[in-house]
Participant: 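Below you will find the structure I want to go over with you.
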Amino acid sequence: MVEAGSHDVLLIAEDDKEMRDLLCDELRDLGCRIVEAGDGNEAIERARDTPPSLILTDLRMPGGGLGYIGRLRLVVPTCPIVLMTAFGDSSVRETAQRFGISAYFDKPVRMSELKDSIKQLLNHRNGEADK
Amino acid sequence: MTPPKRPTRRKQRDKTDDRARAVRRVGLGGEPEEDLYRRIVEAAPGGLLMADEAGTIVLVNALVEQQFGYTREELMGQPVEMLVPERFRANHQGHRARFHGAPSQRQMGQGRDLFGVRKNRSEFPIEIGLTPIQTDKGLRILAAIVDITERKALERQLRQTERLAEVGTLAAGMAHEIGTPMNVILGRAEQLMRKTHEEVTKKSLGVIVAQVERITKIMNQLLTFARRKPSERRSMNLGQTLSDCLEVLQERIRLAGVRVESNYGTMLPPLHVHADRDQMSQVFLNLFINALHAMPNGGTLYISLEQVNGQVRTVIADTGHGIPKEDLPRIFHPFFTTKEAGKGTGLGLTVVHGIVQEHGGSIAVDSESGRGTTFTITLPAAKSIEPIANSE
């Protein structure tokens, strides 16, 4: 099995600069190459330019929403997506499942939990790719 | 089609006789007209009271007796002020004198809340329509009195419901806005906690993390309330739900040294209500947890169920520290809490109240400082028992 590492590209889409900085700081030690996006449209563009190994994205942001997740899925049909939203409700979870979201977190989320989940998803993906 | 038959002479005579008999019946024991008016006064849908120029009661109907708890004999010949709460009496005399100076048909005390006082000294909100009537004995004032207790209660309930809906909308909007900044605070504090080796700093950061968690808890509870799904109601065994909730809290009850006394364990047939089981559990859990908080040094938790006039009454009482009298009117208000900072969100009882109300029920509280608190929940009994309900 191959661990998450430098060959992985992690796309972080979050419109709040402070939150994005926090995510980058916390996830940097996974050893991935981090690509940042400040809104939904930028995230889709980045995903097209640099196919990510995993996308960590906020839901409520400019160019965001559930339609954005649908469009993102068209660009990266199999890439694991980890979705975050502030105090989301059950309808968000249900819709997220429909789009094949790998993990869903309500903000505020514990960074350790988020990191564990991302690490696990990347390892799983790398393991699958290895087979 | 046959043309309508002209009434025969005999039939016309019979009708005239009927009318004459009717008038005579009205006139039993007195002048027919006076007795007819008396009957009209008694049949009026509101209380009717007549006073003379000196404010002496000269006529009341049965409804006034009912409204104020006096007999007719106790009211007749007495000043009308006896039905006015003491604090308004002096002013009332002035108002009455002014009305006599320029009598006209109108509502009394427009824009002000009017109250009547019963024989047992209790007050109730009323509306009064005044009609001056000139008689050969002088001016008489006819007051039509309507007890508006129920309407006032409904208005209060509506205001409360509207306010809660506003709180819900506000909370949902706010949650989205504060979730991210709270995450930044939480994340940065955790990050520093990992990096520092200084105990004091570590402790301070731990406090920051705990406080963010506290806000998260409040927001989640508020959102649970705001996003409450329409209830899925079916016939449910209330005693079973009470037992299930107690079981969940078994360990906490034991640790608190609280004894539980209940009456529904062997109750046959079990009492059923038409309700959402999860929401009812939320109601009972909230009340049980409050009771446990109120009895930090142990005590007794009494739970009883009974059916009264098609209603199922659940009583949950504790022997804890009680709620101060001045706080009682506010305990169901959002964010009102008597618990020390950090212990309560001030939303538990708001949720309880909302759920019970939504189920067409009511909740009442009775409490005495140092003696304990009793909550009484009344819910409509289930009309029929669906066999599936017990197999949950």
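Each chain gets a letter, A, B and so on, in the order the sequences are listed, and its residues count up from 1.
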Participant: Checking side-chain contact (heavy atoms from CB on, under 4.5 Å) against A:E18, which of B:I185, B:N183, B:V184 comes through?
Facilitator: B:V184
Participant: What part of A:D21 gets within 4.5 angstrom of chain B, counting heavy atoms only: side chain, backbone, both, or neither?
Facilitator: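 When you check distances to chain B, atoms from both the backbone and side chain of A:D21 fall under 4.5 Å.
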Participant: For A:Q120, does the CD atom sit with more than 12 other heavy atoms under 6.0 Å from it, leaving out its own atoms?
Facilitator: no
Participant: Identify the heavy atoms of A:K107 and B:G179 that sit nearest to each other, and give their distance.
Facilitator: CB-O, 4.0 Å
Participant: How close do B:T180 and A:A86 get, heavy atom to heavy atom, and via which atoms?
Facilitator: N-CB, 4.3 Å
Participant: Above 12 or not: heavy atoms from other molecules or residues under 6.0 Å from CZ of B:R194?
Facilitator: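 Counting other residues, nucleotides and ligands, CZ of B:R194 exceeds 12 neighbours.
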Participant: Take atom NZ in B:K202; do more than 12 heavy atoms of anything else shown fall under 6.0 Å from it?
Facilitator: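 Atom NZ in B:K202 is crowded, with more than 12 foreign heavy atoms closer than 6.0 Å.
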Participant: I need the B:T216 OG1 to A:D106 CG distance, nearest 0.5 Å.
Facilitator: 10.0 Å
Participant: Indicate yes or no: at least one non-hydrogen side-chain atom of A:R110 is less than 4.5 angstrom from one of B:V209.
Facilitator: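 Yes, side chains in contact.
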Participant: Check the pair B:R188 / A:D25 against side chain to side chain contact (heavy atoms under 4.5 Å, CB included), numbers first and verdict last.
Facilitator: CA-CA 10 Å; B:R188 290 294 179 196; A:D25 285 356; 2.8 Å; yes
Participant: Decide yes or no for B:Q191 and A:E26: does some side-chain heavy atom of the first lie under 4.5 Å from some side-chain heavy atom of the second?
Facilitator: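 Yes, close enough: below the 4.5 Å cut-off.
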